[in-house]
Amino acid sequence: QVQLVESGGGLGQAGGSLRLSCAASGRTHIINAMAWFRQAPGKEREIVAAVNRSGTRRYYADSVKGRFTISRDNAENTVYLQMNSLKPEDTAVYYCAADSSLRAVAVLSPRSAEYEYWGQGTQVTVSS
């Protein structure tokens, strides 16, 4: 199994920055892709960004392109989400997720159902 623990959430200001971290433990060698999802109150969970194991492929939701950057440190089994130019609409619970499928080596999925492992979530609140 894989365990994921997020950290770094909190209160940010519009136009400011926050950095989220997700530490993976357990059978980390099976992870082929990691992603960040978010869920705002009353809304469905949506993908924010994803990265494959080697870091050569990245996916970003249109809403965060140019503002957020996903990166990973395989030596530390950690994935990061650098969030810049924050907007109030970025307010949500952010979840880290991992995909162990072979497909994820080449193709990053934006669908939450494709990710088997999830963290507990961290709240991000952006004030205007």
Side-chain angles (χ1 to χ4, degrees):
Q1 294 297 318
V2 173
Q3 295 79 42
L4 303 174
V5 178
E6 302 99 334
S7 60
L11 180 63
Q13 290 188 332
S17 299
L18 285 173
R19 188 192 196 203
L20 305 183
S21 300
C22 173
S25 61
R27 301 180 65 205
T28 58
H29 64 280
I30 68 172
I31 298 174
N32 286 322
M34 295 187 74
W36 289 96
F37 285 78
R38 68 186 181 186
Q39 188 166 18
K43 295 188 176 182
E44 294 186 354
R45 189 171 297 187
E46 62 177 5
I47 191 165
V48 176
V51 62
N52 68 346
R53 185 176 187 85
S54 62
T56 56
R57 297 180 186 273
R58 288 178 173 80
Y59 173 95
Y60 292 99
D62 288 343
S63 58
V64 306
K65 282 181 181 177
R67 301 190 298 122
F68 291 9
T69 301
I70 188 170
S71 61
R72 64 187 295 170
D73 183 338
N74 287 337
E76 297 293 332
N77 292 315
T78 301
V79 65
Y80 303 96
L81 185 68
Q82 179 66 43
M83 305 186 294
N84 298 330
S85 302
L86 287 167
K87 301 177 180 180
E89 50 263 45
D90 294 321
T91 295
V93 177
Y94 283 70
Y95 297 91
C96 177
D99 183 350
S100 66
S101 69
L102 292 177
R103 169 201 42 74
V105 174
V107 179
L108 297 172
S109 174
R111 299 176 63 240
S112 60
E114 301 285 359
Y115 293 80
E116 306 102 306
Y117 306 101
W118 291 84
Q120 81 287 353
T122 185
Q123 176 71 46
V124 170
T125 302
V126 181
S127 62
S128 58

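Since the model is a prediction, treat every value here as computed from it, not as a measurement.
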Kindly work out whether a path of hydrophobic side-chain contacts (I/L/V/M/F/W/Y, heavy atoms less than 4.5 Å apart) joins [X] to [Y].
{"X": "L86", "Y": "Y95", "answer": "no"}
{"X": "V124", "Y": "L81", "answer": "yes"}
{"X": "V93", "Y": "Y80", "answer": "no"}

Is it the case that the side chain of [X] and the backbone of [Y] share a donor-acceptor pair, with hydrogens and angles ignored and the cut-off at 3.5 Å?
{"X": "T56", "Y": "S54", "value": "no"}
{"X": "N74", "Y": "N77", "value": "no"}
{"X": "R19", "Y": "G8", "value": "no"}
{"X": "E116", "Y": "S100", "value": "yes"}
{"X": "T78", "Y": "A23", "value": "no"}
{"X": "R67", "Y": "S85", "value": "yes"}
{"X": "E6", "Y": "Q120", "value": "yes"}
{"X": "Y60", "Y": "G66", "value": "no"}

Look up atom [atom1] in [X] and atom [atom2] in [Y], then write down how far apart they are to the nearest 0.5 Å.
{"X": "L108", "Y": "I70", "atom1": "CG", "atom2": "CD1", "result": "8.5 Å"}
{"X": "L4", "Y": "Y115", "atom1": "CG", "atom2": "OH", "result": "12.0 Å"}
{"X": "E114", "Y": "S101", "atom1": "CD", "atom2": "OG", "result": "6.5 Å"}
{"X": "T91", "Y": "Q123", "atom1": "OG1", "atom2": "CD", "result": "7.0 Å"}

Of the non-hydrogen atoms in [X] and [Y], which two are nearest, and what is the gap between them?
{"X": "I47", "Y": "A35", "value": "CD1-CB, 4.4 Å"}
{"X": "M34", "Y": "C22", "value": "CE-SG, 4.0 Å"}
{"X": "S128", "Y": "A14", "value": "CA-CB, 4.1 Å"}
{"X": "K43", "Y": "Q39", "value": "O-NE2, 3.1 Å"}

With a 4.5 Å cut-off on side-chain heavy atoms, are [Y] and [X] touching?
{"X": "Y117", "Y": "I30", "answer": "yes"}
{"X": "E46", "Y": "R38", "answer": "yes"}
{"X": "V105", "Y": "R53", "answer": "no"}
{"X": "N52", "Y": "Y59", "answer": "no"}
{"X": "L20", "Y": "M83", "answer": "yes"}
{"X": "I31", "Y": "R72", "answer": "yes"}
{"X": "C96", "Y": "V79", "answer": "yes"}
{"X": "W36", "Y": "F68", "answer": "no"}

CD/Q13: more than 12 non-hydrogen atoms of other groups inside 6.0 Å: no
Taking 4.0 angstrom as the limit, do K87 and D90 come out as a salt bridge?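 Salt bridge absent between K87 and D90.
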Aromatic ring pairing W118/F37, orientation class (parallel under 30°, perpendicular over 60°, tilted between): tilted
